[in-house]
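Here's the structure we're looking at; comments come further down.
For reference, positions follow the sequence shown, starting with 1.
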Amino acid sequence: MNMQFLCGRFELDLSTPRVMGIVNVTPDSFSDGGKFNTTHKAVAHAMELVEQGADILDIGGESTRPGATPVPLDEELKRVIPVVNALAQAGVPLSIDTYKPEVMRAAIDAGADIVNDVCALQEPNALEIVAASQVGVCLMHMQGTPQTMQSMAQYENIVKEMMFYFSERVAKARSLGINDLIID
């Protein structure tokens, strides 16, 4: 079984676990309380994560925690693109954590190697943007939006429903030539 993950400028061997360092450039981050919400702070934090052994840096500019307020496109771009630009030569793959196709495209152009999408590339044009690039993909699952996800997370058979969901999303991605996929 091939355990190589081709993502942008990198080829990762996934036969051993990899560590993804999280860089949230948001004032309302659930994991760090918004401590890295400027470009300077985010880049310094990212470099510290690399020094500590992070194999991948995941950069996000909009919280998807339950109840989070949506961020306008231009604000998300202002948050993440300068960070991606600054880290493009950090020596590790950069992942952009977004569901917005416009942010995906701008981040890929700035040097992102992976698209990490909580909506599994369901937004219009997301599949096509990723397919036109050489980035790897992390497909995630969320029912509803951050505002409604807590009330919508109801399953009759969660394993069966997740298998169906991801089978369908992987098939759509592969139909467009996207083969380097991670499921989260």
Run the side-chain contact (heavy atoms from CB on, under 4.5 Å) check on Leu176 and Lys172 step by step: do they pass? CA-CA 7 Å; Leu176 290 176; Lys172 285 220 188 254; over 6 Å; no

With a 4.5 Å cut-off on side-chain heavy atoms, are Val170 and Ile183 touching? yes

Closest non-hydrogen contact found for Ile81 with Ala110 is CG2-CB, 4.3 Å

Around atom CZ of Arg105, are there more than 12 heavy atoms from other residues, nucleotides or ligands closer than 6.0 Å? no

Audit row: Asp184, Leu139, side-chain contact (heavy atoms from CB on, under 4.5 Å) steps and yes/no: CA-CA 6 Å; Asp184 181 5; Leu139 299 175; over 6 Å; no

Find out if a path of hydrophobic residues (ILVMFWY) with successive side-chain heavy-atom gaps under 4.5 Å connects Phe166 to Phe164. no

pair Pro93-Leu12: side-chain heavy atoms closer than 4.5 Å: yes

Do NZ/NE/NH1/NH2 and the carboxylate oxygens of Lys100 and Glu123 come within less than 4.0 Å? no

Evaluate the side-chain proximity of Asn24 to Phe36: yes if any heavy-atom separation is below 4.5 Å, no if none is. no

Could you go through Val137 and Ile114, starting from their C-alpha distance and side-chain angles, then the distance that decides it, and tell me whether this counts as side-chain contact (heavy atoms from CB on, under 4.5 Å)? CA-CA 5 Å; Val137 177; Ile114 301 168; 5.9 Å; no

Quick check against the 3.5 Å criterion: does Asp113 have a side-chain atom that pairs as donor or acceptor with the backbone of Val135? no

Would you give the length of the straight line joining atom OH of Tyr99 to atom CE of Met104, rounded to the nearest 0.5 angstrom? 10.0 Å

Taking it one step at a time, do Gln122 and Arg169 satisfy side-chain contact (heavy atoms from CB on, under 4.5 Å)? CA-CA 8 Å; Gln122 292 187 77; Arg169 297 311 307 153; 3.5 Å; yes

Pairwise side-chain contact, Thr98 with Asp117, heavy-atom cut-off 4.5 Å (strictly under): no

When you check the gap from the basic side-chain N to the acidic O, do Arg79 and Glu62 get nearer than 4.0 Å? no

Closest contact, heavy atoms only, Ala106 versus Leu77: CB-CD2, 3.7 Å

Distance from Thr26 atom OG1 to Glu76 atom CD, nearest 0.5 Å? 10.0 Å

Minimum heavy-atom separation for Leu127 and Ala173, please, with both atom names. CD2-CA, 3.8 Å

Considering all heavy atoms, the nearest Pro101-Pro124 contact: CG-O, 3.2 Å

Any link between Met47 and Phe10 through a network of hydrophobic side chains (Ile, Leu, Val, Met, Phe, Trp, Tyr) touching at under 4.5 Å? no

Hey, quick one: are Met3 and Leu6 part of the same hydrophobic cluster, counting side-chain heavy atoms closer than 4.5 Å, chains of contacts allowed? no

Backbone N or O of Glu128 within a donor-acceptor pair of the Asn125 side chain at under 3.5 Å? no

Can a side-chain donor-acceptor contact be found between Ser15 and Asp13 if the only test is distance below 3.5 angstrom? yes

What's the separation between atom CZ in Arg9 and atom CG in Leu94, rounded to the nearest 0.5 Å? 5.5 Å

What are the two closest non-hydrogen atoms of Ile22 and His45, and how far apart are they? O-NE2, 3.3 Å

Got a list of side-chain donor-acceptor pairs under 3.5 Å for residues 51-60, not counting sequence neighbours?
| residue | atom | partner | partner atom | Å |
| --- | --- | --- | --- | --- |
| Gln52 | NE2 | Glu48 | OE2 | 3.4 |
| Asp55 | OD2 | Val19 | N | 2.8 |
| Asp58 | OD1 | Ser95 | OG | 2.6 |
| Asp58 | OD1 | Asn116 | ND2 | 3.2 |
| Asp58 | OD2 | Asn116 | ND2 | 3.3 |

Nearest heavy atoms of Ala42 and Val83, plus distance in Å: CB-CG2, 3.9 Å

Hey, is Glu75 close enough to Lys78 for a salt bridge, meaning N to O under 4.0 Å? yes

So do the side chains of Asp97 and Val115 get within less than 4.5 Å of each other, counting heavy atoms only? no

Identify the residue among Ile129, Val130, Leu181 that makes a side chain to side chain contact (heavy atoms under 4.5 Å, CB included) with Leu121. Val130

